[in-house]
There are 2 protein chains.
Amino acid sequence: MEKLQKIDYYKKLGLKITPQRLAILEYLENNREHPSAEDIYNALKERFPSMSFATVYNTLEVLMEKGLIKEIGIDSSKKRFDPVVHPHHHFICRKCGHILDVEKDFDIIIPQELSECKILDFQVVFSGLCPECKED
Amino acid sequence: MEKLQKIDYYKKLGLKITPQRLAILEYLENNREHPSAEDIYNALKERFPSMSFATVYNTLEVLMEKGLIKEIGIDSSKKRFDPVVHPHHHFICRKCGHILDVEKDFDIIIPQELSECKILDFQVVFSGLCPECKED
DNA sequence: CTAATTGCAAAAATTTTGCAGGACT
DNA sequence: AGTCCTGCAAAATTTTTGCAATTAG
């Protein structure tokens, strides 16, 4: 999407566009590492030396409310965020913590035991060793 | 398993059996709520008023090394632990955080894009609203 | 102009660590 | 007896919050 179109799009969602927010959005969009709040903070503090964690967390929360990003509960040591909100799956390396996207579709039948629940989503999480770590 | 047999079993794994460890193991075995370290601490501090978090975390780590429990990375706000170590799946309620076990077997074909990885495990995580929360 | 956002600093929540004394085998 | 474990307290990590100053619309 063109940059101006994007800003319009965000505005239509009711987001106030600040330079910090744009930078966070842009960082997320160009990053497939599923960054944590700290990753984002570190990546942007050069361009915005005065930016605080409050802004990062605040922005992440607003972006989640608007459905532009998702929190992925895979890395139990910290929250990580994903700008790819369509249903997809993940692989996490047990050694280095690297998370890879898995775009394949799986044919999952909702099991009987969850018939009383309202299922909104599911994801498959693979775990093991990534190509780099399996060599060591 | 009989209590004495269990103690023998733990000893054979090289675990030193202390009253605190036995209590933590027992608590985990009889609890299908996927408790956090704090849940365990709170549940046991009546019986062991002097017990500290260090002991809870230390014990959890030892139990994980021995393969008696697993850490489940589903609730991104805190680590939660599962004494059911055979492969199985989960449902988490987006509202109350309740985690349910899903014992069904899913036929998952390891996708092409992970062929370079060593896959050790996978789990399906459903999310939505549990029977109680979907009424509100 | 008004309401929302930022930055700061303090606090809360969760997890980890060092170490002295105590318990298990 | 020797090693491992416990408990305490302090520290490290991650996330949240209150508030005054600033900025976007």
Side-chain angles (χ1 to χ4, degrees), chain A residues 4 6-25 27 34-66 68-81 97, chain B residues 4 6-25 27 34-66 68-81 97:
Chain A
L4 274 177
K6 266 196 303 195
I7 293 181
D8 263 4
Y9 173 63
Y10 299 146
K11 279 190 188 167
K12 271 178 196 130
L13 290 171
L15 290 176
K16 279 200 181 174
I17 305 304
T18 65
Q20 295 89 334
R21 285 190 173 173
L22 275 183
I24 292 172
L25 267 163
Y27 177 77
H34 308 80
S36 64
E38 195 184 10
D39 294 332
I40 297 168
Y41 175 78
N42 287 335
L44 298 182
K45 75 175 168 206
E46 240 181 80
R47 275 172 63 202
F48 299 88
S50 72
M51 193 168 61
S52 73
F53 269 102
T55 299
V56 175
Y57 279 106
N58 164 327
T59 299
L60 289 171
E61 189 173 324
V62 173
L63 296 180
M64 280 198 288
E65 276 167 17
K66 300 296 180 186
L68 294 176
I69 63 173
K70 276 199 316 190
E71 187 183 309
I72 49 174
I74 291 179
D75 180 343
S76 46
S77 70
K78 56 175 71 166
K79 290 181 180 170
R80 294 172 65 162
F81 300 89
Chain B
L4 274 176
K6 267 196 301 197
I7 294 182
D8 262 5
Y9 174 64
Y10 300 147
K11 279 190 186 167
K12 271 177 196 131
L13 289 170
L15 291 175
K16 277 200 181 174
I17 305 303
T18 66
Q20 294 90 333
R21 285 190 173 173
L22 275 183
I24 291 172
L25 268 164
Y27 177 77
H34 309 80
S36 65
E38 196 185 8
D39 294 332
I40 297 168
Y41 175 78
N42 287 335
L44 299 181
K45 76 175 167 203
E46 239 181 81
R47 274 172 63 201
F48 297 89
S50 72
M51 193 168 60
S52 73
F53 270 102
T55 299
V56 175
Y57 280 107
N58 162 327
T59 299
L60 289 170
E61 190 173 323
V62 173
L63 295 181
M64 281 199 287
E65 277 167 16
K66 298 298 178 185
L68 294 177
I69 63 173
K70 278 198 317 191
E71 188 183 307
I72 49 174
I74 291 178
D75 180 343
S76 46
S77 70
K78 55 175 71 167
K79 291 181 179 168
R80 295 172 65 163
F81 300 89

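Here is the naming used below: chain letters follow the sequence lines, and residue numbers restart at 1 for every chain.
- Taking side-chain N and O atoms only, A/Lys12 has no distance below 4.0 Å to OP1 or OP2 of D/dG25.
- With a 4.5 Å cut-off on side-chain heavy atoms, A/Thr59 and A/Leu25 do not count as touching.
- With no hydrogens or angles considered, a side-chain donor-acceptor pair links B/Glu71 and A/Ser76 at under 3.5 Å.
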Once base and sugar-phosphate atoms are separated, protein heavy atoms under 4.0 Å mark nucleotides 4-11 of chain D, 5' to 3', with B, S and - as SSBBB---
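- Within a heavy-atom distance below 4.0 Å of DNA chain C, no residue of residues 37-47 of chain A is found.
- We find that NZ of A/Lys78 is positioned 14 Å from C1' of C/dT14, with the value rounded to whole Å.
- Look at A/Lys79 and you'll find a side-chain N or O under 4.0 angstrom from OP1 or OP2 of D/dT16.
- The shortest side-chain heavy-atom distance between A/Met64 and A/Phe81 falls under the 4.5 Å cut-off.
- Atom CD1 of residue A/Ile40 and atom CD1 of residue A/Ile24 lie 6.5 Å apart, to the nearest 0.5 angstrom.
- Contact annotation: B/Tyr57 side-chain N/O to C/dT15 OP1/OP2 distance is under 4.0 Å.
- Contacts of A/Ser77 with the nucleic acid, taken as non-hydrogen atoms under 4.0 Å apart, involve only primed sugar atoms and P, OP1 or OP2.
- Distance OH (B/Tyr10) to P (C/dT25): 14 Å, rounded to an integer number of Å.
- C/dC24 atom P lies 19 Å from atom CG of B/Leu13, rounded to whole Å.
- Side-chain contact check for A/Ser36 and A/Asp39: at least one donor-acceptor pair (N or O, by modelled atom type) lies under 3.5 Å.
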Any chance you could lay out the side-chain contact (heavy atoms from CB on, under 4.5 Å) test for A/Tyr41 and A/Lys45, step after step, and finish with the verdict? CA-CA 6 Å; A/Tyr41 175 78; A/Lys45 75 175 168 206; 4.2 Å; yes
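- Looking at B/Met51 and B/Val56, their side chains come closer than 4.5 Å, going by heavy atoms from C-beta outward.
- Side-chain contact between B/Val62 and B/Arg21 is present, with at least one heavy-atom pair separated by less than 4.5 Å.
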